[in-house]
Amino acid sequence: MKIAAFLPKAYTKNVVSGNVTWKSPSNIALIKYWGKKEDQIPQNPSISFTLDACATTTKLSYKKQETTNTDFSFDLFFEGKQKDDFKPKINTFLQRIEQYLPFLKDYHFTIETSNSFPHSSGIASSASGMSALALCLLSLEKELNPAMTDEHFNQKASFLARLGSGSASRSIEGDLIVWGTHEDTVGSSDLFAIKYPYKVHEVFKNYHDTILLVDKGEKQVSSSVGHNLMHNHPFAAERFAQAHENLTKMQSVLADGDLKEFIAIVESEALTLHAMMMTSMPYFILMKPNTLEIINRIWKFRETSGSNVCFTLDAGANVHVLYPENEKDIVYPFIQNELIKFCQNEHHICDRIGFGAKKS
Ligand code: DP6
């Protein structure tokens, strides 16, 4: 699929005003996207579980202007309050997607957005936030062109969301999503994410992700700074090759339900992501002492109980604790008794694998 496929043809309808609301989830990568080229093209393929509870709800109201604006015209409300400091990010996003949605300057938009998780939780809202906005804007395009197919809608939503934030491309559908061209994954693309196209064992259908909020502060390294660290990184080429290999290995793991191998890949990916940050120039340590405490307790518990609980990390100190549904009665008490004391104010979020964004 080429970029040209996302340039619209002439619209068949005129839409004067209206509104649309989408609730879009966050996602957690099992194989990490870390490093990108121009135009939000990933350096390696990634795969994620779509989440369910952690989500952004965005209402987009639109009103056609008498004449086309010279700039984008929009008001932004976050959790009911006008939020002008988010506007530059949205403006950049609109600039990047304008050629694919040429009607943007014909309207005034009101964007009202809120997250299901607390703002200061350290949970990145760019995946859910950018995907929700992309979906709203694409719903308007579908009104202008009602002939658009559902398949094209999902692909283009992911394509646009990617231009807002790479991981947002993986937040349109569920439950297992691949983004980035991978020679062993049919249909995979750097331009948009797809539903994982192969067999998935039952054990992965109801996976839990309990998110332990170790550090709720502002991100120490923004994602754009973080991805840039992979330019001229001494281990970059090996890392990108490893992600390809891990995704190939993951295919038999997902088909067979091989949890031991699943744990090995997922935990190694998380630690490799942090290793990349520790070995870049400048270098960062994003884990906190409590992150390590939690990891060590998970390893100990796994050894003594035989459980298949494991962890993954994003680019911060918080820990995602992953476990299958049939182990929740042993793992959740363990989390409560042994892990939540390492969270800020015992704050944690019980999430699980989800099935993608929903229009309301
Ligand atoms: C560590 O998607 O936040 O969570 O494309 O610059 O918006 P931008 O980056 P972003 O990067 C996420 C990186 C990660 C790993 C992952 O989700 O795959």
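Computed from heavy atoms alone, side chains included, the values below leave out hydrogens, waters and symmetry copies. What you see is a predicted model, and the numbers here were worked out from it, not measured in a lab. By convention here, the first residue in the shown sequence is residue 1. Both ligands and their constituent atoms are indexed starting at 1 by order of listing.
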Indicate yes or no: at least one non-hydrogen side-chain atom of T312 is less than 4.5 angstrom from one of E269.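 Of all side-chain heavy-atom pairs linking E269 with T312, none is under 4.5 Å.
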Where is the tightest heavy-atom contact between A161 and A134, given as atom of each residue plus distance?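 Looking at all heavy atoms of both residues, the shortest contact is N-CB, 3.7 Å.
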Could you tell me whether K83 sits above the aromatic face of F77, with NZ or CZ closer than 6.0 angstrom to the six-membered ring centre and within 45 degrees of the axis?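 No.
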First-shell residues of ligand 1 [heavy atom, distance under 4.0 Å]: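 Its neighbours under 4.0 Å (heavy atoms only) are A29, K32, Y33, W34, K36, Q40, S126, S165, G166, S167, R170, S223, H227, L273, A315, given by chain and number.
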Contacts of type ring pair (Phe, Tyr, Trp, His ring centres under 6.0 Å), residue F6, not counting sequence neighbours: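 Partners of F6 under the ring pair (Phe, Tyr, Trp, His ring centres under 6.0 Å) test: H152, F159, F192.
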Got a sec, which pairs hit side-chain hydrogen bond (donor to acceptor under 3.5 Å, both in side chains) with one end in residues 320-335, sequence neighbours left out?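 Listed by first then second residue: H208-E325, D209-H320, T210-Y323, S307-E327, N308-E327, E325-K328, E325-R352, Y332-H348.
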Under the salt bridge (Lys or Arg N to Asp or Glu O under 4.0 Å) definition, can you give me all pairs with a residue in residues 53-80, not counting sequence neighbours?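 Output for this query is empty, none listed.
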